[in-house]
Amino acid sequence: MSRNIQSTTIIENQFARGKVNVAYLTAGDGGIARTLDAALALIAGGVNMLEIGVPFSDPIADGPIIQAAAQRALKAGVTFADILALTAAIKKQYPIPIILFSYLNPILAMIRSGHFAQLTSAGVDGLLVVDGECATNNLLQAALKTTALVPIYVIAESTTPSRIQLINKKAEGFLYYACQRGTTGVRENLPANLIKQMQMLRSQAHCPFVVGFGISTVLQVKTILQYADGVVVGSLFVDAIAKGISLTDLTHLASSLFATETHQEVSHDFIS
Amino acid sequence: MLKQDRYGEFGGCYVPELLVAPLQDLEDAFLEVCANLTFRYTLEILLKNYAGRPTPITDAIRLSRAINGPKIYLKREDLLHTGAHKLNNALGQCLLAKHMGKTRVIAETGAGQHGVATAAACAHLDLDCVVYMGSHDIKRQSPNVTRMTMMGAEVVPVNTGSATLKDAVNAALRDWAHSFADTHYCIGSALGPYPYPQVVAHFQSVIGEECKQQIKPDMVIACVGGGSNAIGIFSAFLDDPRVRLIGVEAGGYGDDLGQHAARLKELRTPGVLHGCYTYVLQDDQGQIAETASIAAGLDYPAIGPQHAQLFLENRAQYFFVRDDEAIAAQQLLAKTEGIIPALESAHALAYLIKIAPTLNEDLVVLVNLSGRGDKDLARDDMKNAGET
């Protein structure tokens, strides 16, 4: 069964328009309404793709900032229904690609509860499973086939050349290059090998790729966008939101990182 | 890459992409040392001269009399250096780490026995050692913390989540994601991403291999947290259908989610925790449940994948006992045989005590005494333990 034309197209079109500025948010941190407001504020600041994170009790790939966000969201009692309502509300206002970002266990629960089958109609275009080991994941294959979701695969700093080839063959939509070792979290410096890695990916990847993990400054963003098709900023925004940033300031934070001529075009698209 | 990475459907390697390469390196190294005679010989010597293997089998006649029971034999893993079966695996993995050129080893620990075993192995093999331990566990198993630091390990308290074993595993995995170039993560039980369940089962199989030479049991009983001591003793008898295999989980203090750690009770749901697909205690949103047990080493929400498969195949049967039954069993063995078992191992004894009247007096029952109970005597809730 081929991917839903709509989801594949919406992702392709975003990359065709220019650089893709991705923001990650943990759904329900501070309440689901706060996440919605934050998402819209970020889009107004130049974000044109969203990763919506499903909070998980044992997020092994996350550092303290996103761990804490997940804990707060779980304490606030965020449910699958809340998350679907969130993505639907965002999609209603802005036709940008939305990627659901989750650990595998909650996704398995979503499949059992029936919420997984509703993801496409709730505005979700792609699925990135952090510990999905997606290239060979048997637990999701069957369920994915019955939906229109585009599976997004990750290449990490440690991934071997032969495995990059394997993942590249399966890749759809875009590839996510997690550029640092360790967990999520703001880092001061980009890794020394990053430019080489991005050049290697450019020569090998047959779909667009975005770079993420630790990105927090405009210099880092600009460096990455010289080589990659997009960039992901997560912990910086999650931390700001946790510290109570106003929506206006959040928009400014995003535009300080992402403002370019391309951004101007994109925001005009939305206004009309 | 992934060869026999499963037991039936269970097991696998569900990890962030970053960890795929170090796990592949671990698999390659493990397969290499299994065939390497020098490695095997070196480990054998360490197990003999450092750890104190082989461990004896003790005839528990007075215990049997007290419970109107069958012929009871105890496999004395409590007599192994550091006081539990954990050292079999820690020595194997630390030797493997050295073989791989690693200079640092990290570990998680619940009751502290695996932490102590790893600290000991690292001291003896000249490796740096960091042990992650939930702050709740640090309080209730403090003698083990003292031993670890005395052996030169750094004990890092983990305050997130429930501050117990699963949180210590989270912390160790996060460390490893940064440090895998020079660090080996020494997992203490038969769980986690492939190849860990297989690696741990392999190093613990020495228990069962010895038993096979020492005794012909009709029934083998062991407690099951992650499942390493149980799989260690079961493994030698898996192919003999005449030997009944029984695993005993922690029944905590109640039946509701959060009151026990009995993964195979009714309503079992498979899921993925710490890289492994197995039965996991969780809520309907896929959030991992907190667990409760007086035995810190059994206080974990996922069961080792090989046990999940043995359960499904009905090759082994699994039951649970409550905290108070385990405490009573610890007392009874102390009074009848002068052996103080760990609260974890006492779960196996407690189940035997329960079914003893139904067993033929000639039945040969082997119980894995996985560890000694000194660590449990310092607890506030055990202060009056000596008095009955």
Side-chain angles (χ1 to χ4, degrees), chain A residues 54-64 67-68 70-71 74 77-81 83 102-113 115 129-140 153-160 162-164 166-167 176-178 180-185 213, chain B residues 1-2 5-6 9-25 28 159-162 165-181 183 192-194 269-278 280-290 301-302:
Chain A
V54 177
F56 183 51
S57 53
D58 295 84
I60 58 169
D62 288 303
Q67 280 177 48
Q71 280 295 304
L74 289 172
V78 68
T79 63
F80 294 152
I83 296 172
S102 179
Y103 288 83
L104 186 48
N105 207 56
I107 296 295
L108 296 177
M110 254 195 216
I111 292 170
R112 285 191 295 268
S113 70
H115 289 93
V129 181
V130 178
D131 53 351
E133 215 265 287
C134 258
T136 54
N137 191 328
N138 62 322
L139 298 174
L140 291 181
Y153 299 126
V154 174
I155 288 177
E157 190 270 356
S158 63
T159 308
T160 59
S162 63
R163 189 167 162 82
I164 289 176
L166 175 73
I167 294 173
Y176 184 127
Y177 177 58
Q180 319 239 22
R181 296 201 173 179
T183 54
T184 59
F213 248 55
Chain B
M1 164 190 160
L2 301 170
D5 67 331
R6 270 159 228 281
E9 291 171 37
F10 302 108
C13 187
Y14 300 98
V15 292
E17 178 58 32
L18 183 67
L19 296 181
V20 171
L23 287 166
Q24 175 71 80
D25 289 344
D28 292 341
N159 297 307
T160 48
S162 53
L165 185 49
K166 80 168 170 78
D167 310 285
V169 176
N170 291 341
L173 282 167
R174 291 179 187 124
D175 178 320
W176 203 44
H178 273 285
S179 62
F180 58 80
T183 297
Y194 175 79
T269 319
V272 174
L273 178 64
H274 300 144
C276 179
Y277 181 66
T278 181
V280 186
L281 292 168
Q282 56 186 298
D283 67 17
D284 59 12
Q285 299 274 300
Q287 305 301 332
I288 308 299
E290 310 229 326

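Below, read A as the first sequence line, B as the second, and so on, with proteins coming before strands; counting in each chain starts at 1.
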For [X] and [Y], work out which heavy atoms get closest and say how close.
X	Y	value
Lys166(B)	Asp58(A)	NZ-OD2, 2.9 Å
Arg181(A)	Phe180(B)	NH1-CE1, 3.2 Å
Val78(A)	Gln285(B)	O-OE1, 3.9 Å
Thr183(A)	His178(B)	N-NE2, 4.0 Å

With a 4.5 angstrom heavy-atom cut-off, is it the side chain or the backbone of [X] that approaches chain B, or both, or neither?
X	result
Pro64(A)	neither
Thr79(A)	both
Ile60(A)	both

4.5 Å side-chain heavy-atom contact, [X] and [Y]:
X	Y	value
Tyr153(A)	Glu17(B)	no
Thr160(A)	Gln24(B)	no
Gln282(B)	Pro106(A)	no
Tyr277(B)	Asn138(A)	no

Proximity breakdown for [X] and chain A, heavy-atom pairs closer than 4.5 Å:
X	value
Ala289(B)	neither
Glu9(B)	neither
Ser179(B)	neither
Asp284(B)	backbone

For this session: Name the option with the most non-hydrogen atom pairs under 4.5 Å to chain B; the candidates are Asn105(A), Ile155(A), Leu108(A), Val54(A).
Result: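 Sorted descending by pairs with chain B, the first entry is Asn105(A).
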For this session: Just give me the residue among Ala109(A), Ser158(A), Ser113(A) that pairs up with chain B most often, heavy atom to heavy atom, under 4.5 Å.
Result: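 When all of Ala109(A), Ser158(A), Ser113(A) are compared, Ser158(A) has the most.
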For this session: Dump the intermediate steps for side chain to side chain contact (heavy atoms under 4.5 Å, CB included) on Asn170(B) and Gln67(A), then the final yes or no.
Result: CA-CA 11 Å; Asn170(B) 291 341; Gln67(A) 280 177 48; over 6 Å; no
For this session: Can you sort out the partners of Asp167(B) under salt bridge (charged side-chain N to carboxylate O under 4.0 Å, His left out), two or more places apart, ordered by chain and number?
Result: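 So Asp167(B) forms no salt bridge (charged side-chain N to carboxylate O under 4.0 Å, His left out) with any residue.
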Problem set entry | Straight-line distance of Phe213(A) CZ to Leu18(B) CG, nearest 0.5 Å |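 One gets 7.0 Å once the value is rounded to the nearest 0.5 Å.
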Exercise. Roughly how far apart are Leu273(B) CG and Tyr103(A) OH, rounded to 0.5 Å?
Worked result: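 Between Leu273(B) CG and Tyr103(A) OH, I get 12.0 Å after rounding to 0.5 Å.
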For this session: Specify which of Gly275(B), Gly286(B), Gly12(B) makes the most heavy-atom pairs with chain A at under 4.5 Å.
Result: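 Highest number of pairs under 4.5 Å: Gly286(B).
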